[in-house]
Colleague: 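Structure provided below as structure tokens; questions to follow.
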Amino acid sequence: MRDIVSSPRTATRYARRRAAPRNRLTALLPGRADWAAMRRHPRRDVLAGLSVAVVALPLALAYGASSGLGAQAGLATAVVAGALAAIFGGGALQVSGPTGVMTVVLVPIIRHHGVEGALLAGMMAGVLLILAALARLGRYARCVPASVVEGFAVGVAVVIALQQVPAALGFDPRHGEKVWRAAAGTVADYARDVRPAPLLMAAAVAAAMMVGSRRLPKFPVALVAIAAATLVAQCLPLHLQRIGEVPAGLPTPSLHFLDLGVAVTLLPSALAIAVLAALEGLLSAAVVDALGAGKRSDPDRELFGQGLANLAVPLVGGVPATATLARTAVNVRCGATSRLASLTHALALAAIAFAAGGLVSAIPRAALAGLMLGAAARMIKISSLTSIVRTSLSDALIVVFTLVITVMVNLIAAVAAGVVIATVVTVAALARSGRIEAMPLEPQGDGGNGDAAGHGRAAAGDIGLYRLEGPWFFAATHRLLQGLSQVSGRRVVIFSMAGVSALDLTAARVLGETITQLRSRGVTVLLAGVHPRHHRLIAHATDDAHLPPADLLHPNPAAALVHARSLIATVDPPPPREYRA
């Protein structure tokens, strides 16, 4: 045993196996490039982070309150998760914190297991996310089609805009309703009680955000617009709703909720939280990548960063967190270039939590609504949508479908349904791409490797050469049967399969049944150019004692035709019988 381990090859393999987990963990940690990027444009990043903090504050308070854990829990989440995800996350511009989608899972957990159960489920979700990162599951997020990402991004922009309708019109938010229904109800209430001041302020801030961000990308337009709106609200008797009192400080870290006895019961809920956090975070990163802002994100690092954040947030009584498109969009549009922006956002929220609650409490809700409306409008890339509509009708329909489901149902259902529809459309397109066509037999040449070169002379009608191309799988079997049913009147039939890019068991069985059927009519079948990875499927599908594999498979059509001519020259087979269905 000692000699085996001490051999150079085995020792090297053993060392690599031991080093693999360590290297995998090292790849998930921040590197020198991350810290170097934070020193390039510190002023822009700090200003962007402050702008995001102003936007994130009311959202954090609202999401914390709606989850059932309290407004202070939402603020604690924004501070702790925002800082950890900024340092360890996979996207340099991602901003993490509490989100509305988590309340769907948290409310029933609190109802059945109390606040302690919700905190424990959140911590378990953090562990699951870290394990997913170590298993490199984040790369599968790249499998989401671009049309689904585009539809998701536009849908989220619409949801963000609809969420701001109550505040922009001067009304309290409607909890427990679909966002589109709440917006419609608010508009109906506004028609009976018109309040022009909040609408004008929201429109002014949104216009400043859209125009200023485009013409003055380096200027802190969002921060100046919020400050100006607050000053106007203080000087004029507009009677606008304000953010209100902010809870002071953060809770003391504690593990009082840790109860391993209910961990198994909470596992499904923890898995749901982990899936939601991973899906929303990775899709948010995909949208940021599509916007072309900064370096492309690392999905595995994103899972790792979100895992650490959710592992730590319950210690301060916070709600589960993930990266969010709303705050990330504000970060991008305010000119952020590195992780310093999202880290500044978390530090600013921490300072607000301890010292500046009175100052923030004076900000009008309508001004924040205008800021979010401007950010939502900037999220929609008209040029990208126009390109999709012009190039692919099916992708355009997927965009619309994903958008509608995002607005009418929820984000998770939209992504799942969009991926399913995109998969069905892709499978249908692949099924149509498979084809079979008859190839002419050329006179004897000097022996090439092409489909028809060097075939030699064959008696007219004795040999038929057919080329199969494209993917052949379960969805293409009907077309395969149609094409193969037209093969008749030959003594030897050659199927050239060099162009078959994919073959599954269903298509292989159909091919085997066709070969058996042709043999029963006195036709010899040869296969040429079968890819090596398809040999086993072909062997199982054509398992027949009548024709050994060596006589069935040939490296190319030229070799198959030589063998076919030798069969015709040595044996005079009976004329093929016509097939009757």
Colleague: Check side chain to side chain contact (heavy atoms under 4.5 Å, CB included) between A197 and all other residues, then give those that pass, not counting sequence neighbours.
Modeller: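 Residues passing side chain to side chain contact (heavy atoms under 4.5 Å, CB included) with A197: L238, L240.
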Colleague: Taking side chain as C-beta onward, heavy atoms only, is M124 less than 4.5 Å from L266?
Modeller: yes
Colleague: Show the numbers, then the answer: is there a side chain to side chain contact (heavy atoms under 4.5 Å, CB included) between I109 and I273?
Modeller: CA-CA 11 Å; I109 296 176; I273 294 173; 4.1 Å; yes
Colleague: Output the distance between atom CG (L397) and atom CD1 (I421), rounded to the nearest 0.5 Å.
Modeller: 10.0 Å
Colleague: For F257 and V115, what are the C-alpha separation, side-chain angles and deciding distance, and is it a side chain to side chain contact (heavy atoms under 4.5 Å, CB included)?
Modeller: CA-CA 8 Å; F257 59 87; V115 173; over 6 Å; no
Colleague: State, to 0.1 Å, how close V319 and P98 come at their nearest heavy-atom pair, and which atoms those are.
Modeller: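 Heavy atoms only, the tightest pair is CG2-CB, 3.5 Å.
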Colleague: Looking at T406, I405, V399, which one forms a side-chain contact (heavy atoms from CB on, under 4.5 Å) with T402?
Modeller: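 The side-chain contact (heavy atoms from CB on, under 4.5 Å) with T402 is passed solely by T406 among T406, I405, V399.
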Colleague: Taking only residues two or more places apart in sequence, or in another chain, which ones meet S254 in a side chain to side chain donor-acceptor pair (under 3.5 Å)?
Modeller: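 By the side chain to side chain donor-acceptor pair (under 3.5 Å) rule, S254 matches H256.
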Colleague: At what distance, to the nearest 0.5 angstrom, does CG of L28 lie from CG of D298?
Modeller: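 One gets 7.0 Å once the value is rounded to the nearest 0.5 Å.
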Colleague: Can you see whether R390 engages S387 through a side-chain donor-acceptor pair at a distance of less than 3.5 angstrom?
Modeller: no
Colleague: Can you list every salt bridge (Lys or Arg N to Asp or Glu O under 4.0 Å) pair that touches residues 153-167, not counting sequence neighbours?
Modeller: none
Colleague: With no hydrogens and no angle check, is any side-chain donor or acceptor of T186 less than 3.5 Å from a backbone partner on A182?
Modeller: yes
Colleague: Just distance, no hydrogens or angles: give the donor-acceptor pairs under 3.5 Å from side chains in residues 144-171, sequence neighbours left out.
Modeller:
unit_1	atom_1	unit_2	atom_2	d
E150	OE2	S384	OG	2.8
Q164	NE2	I160	O	3.2

Colleague: Taking the side chain as every heavy atom from C-beta outward, state whether L255 and M123 have any pair of such atoms under 4.5 Å apart.
Modeller: yes
Colleague: I'd like to check D45 versus M38 (side-chain heavy atoms, cut-off strictly below 4.5 Å). Are they in contact?
Modeller: no
Colleague: With sequence neighbours left out, what residues match I130 under side chain to side chain contact (heavy atoms under 4.5 Å, CB included)?
Modeller: L134, F304, L308, L311
Colleague: State which residues pass side chain to side chain contact (heavy atoms under 4.5 Å, CB included) with A76; sequence neighbours excluded, sorted by chain then number.
Modeller: L250, P251, V316
Colleague: Start with the C-alpha gap between L349 and L57, add the side-chain angles, then the distance that decides, and say whether side chain to side chain contact (heavy atoms under 4.5 Å, CB included) holds.
Modeller: CA-CA 7 Å; L349 288 178; L57 177 62; 3.9 Å; yes
Colleague: State, to 0.1 Å, how close A367 and I226 come at their nearest heavy-atom pair, and which atoms those are.
Modeller: O-CD1, 3.7 Å
Colleague: Of all residues at least two apart in sequence or in a different chain, which pass the salt bridge (Lys or Arg N to Asp or Glu O under 4.0 Å) check with R195?
Modeller: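 Expected list: D193.
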Colleague: For residues L258 and E116, determine if any side-chain heavy atom of one lies less than 4.5 Å from a side-chain heavy atom of the other.
Modeller: no
Colleague: What's the spacing between I380 CD1 and I382 CD1 if we round to 0.5 Å?
Modeller: 6.0 Å
Colleague: Looking at every heavy atom in both F401 and A417, which two are closest together, and how far apart are they?
Modeller: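 Of all heavy-atom pairs spanning F401 and A417, the closest is CE2-CB, 3.5 Å.
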Colleague: Going by heavy atoms in the side chains, are H41 and L47 under 4.5 Å from each other?
Modeller: no
Colleague: Distance-only, no hydrogens or angles: does the N310 side chain make a donor-acceptor pair with backbone N or O of G122 under 3.5 Å?
Modeller: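 The answer is no, because no donor-acceptor pair under 3.5 Å joins these two groups.
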Colleague: When rounded to the nearest 0.5 angstrom, what distance separates CD1 in I87 from OG in S342?
Modeller: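 Interatomic distance, I87 CD1 to S342 OG, rounded to 0.5 Å: 9.0 Å.
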Colleague: Would you call P364 and M201 a side-chain contact if the rule is heavy atoms closer than 4.5 Å?
Modeller: yes
Colleague: So, R327 side chain and V95 main chain: donor-acceptor pair closer than 3.5 Å or not?
Modeller: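 No.
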Colleague: How far apart are the C-alpha atoms of L282 and L303, what are their side-chain angles, what is the distance that settles it, and do they pass the side chain to side chain contact (heavy atoms under 4.5 Å, CB included) test?
Modeller: CA-CA 8 Å; L282 292 176; L303 291 180; 4.1 Å; yes
Colleague: With D34, which residues qualify under salt bridge (Lys or Arg N to Asp or Glu O under 4.0 Å), at least two apart?
Modeller: R301, R339
Colleague: Report yes if the side chains of P42 and L340 come closer than 4.5 Å at any heavy-atom pair, otherwise no.
Modeller: yes
Colleague: Would you tell me whether Q94 and S297 have side-chain atoms, one donor and one acceptor, within less than 3.5 Å of each other?
Modeller: no
Colleague: If you take all heavy atoms of A81 and V313, which pair is closest and at what distance?
Modeller: CB-CG2, 3.7 Å
Colleague: Are the side chain of N331 and the backbone N or O of L93 linked by a donor-acceptor pair below 3.5 Å?
Modeller: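 Judged by distance alone, yes, a pair lies under 3.5 Å.
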Colleague: How many angstroms lie between atom CG of L267 and atom CG of L128, to the nearest 0.5 angstrom?
Modeller: 6.5 Å
Colleague: Under the side chain to side chain donor-acceptor pair (under 3.5 Å) rule, collect the residues that match up with T328, sequence neighbours excluded.
Modeller: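 Result, side chain to side chain donor-acceptor pair (under 3.5 Å) vs T328: none returned.
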Colleague: If every non-hydrogen atom of T230 is compared with every non-hydrogen atom of A362, which pair is closest and at what distance?
Modeller: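 Taking T230 first and A362 second, the nearest heavy atoms are CG2-O, 3.7 Å.
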Colleague: State which residues pass salt bridge (Lys or Arg N to Asp or Glu O under 4.0 Å) with D189; sequence neighbours excluded, sorted by chain then number.
Modeller: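 For D189, the residues satisfying salt bridge (Lys or Arg N to Asp or Glu O under 4.0 Å) (neighbours in sequence not counted) are R174, R192.
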Colleague: I need the minimum non-hydrogen distance between Q306 and T322, along with the two atoms involved.
Modeller: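 What the structure gives for the nearest pair is OE1-CA, 3.2 Å.
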Colleague: Taking side chain to side chain contact (heavy atoms under 4.5 Å, CB included) as the definition, give me every residue that meets it alongside A272, ordered by chain and number, with sequence neighbours left out.
Modeller: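 Partners of A272 by the side chain to side chain contact (heavy atoms under 4.5 Å, CB included) criterion, ordered by chain and then number, come out as V105.
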Colleague: To the nearest 0.5 Å, how far apart are CD in E302 and OG in S96?
Modeller: 6.0 Å
Colleague: Among all residues two or more places apart in sequence or in another chain, which pass the side chain to side chain donor-acceptor pair (under 3.5 Å) test with Q234?
Modeller: R242
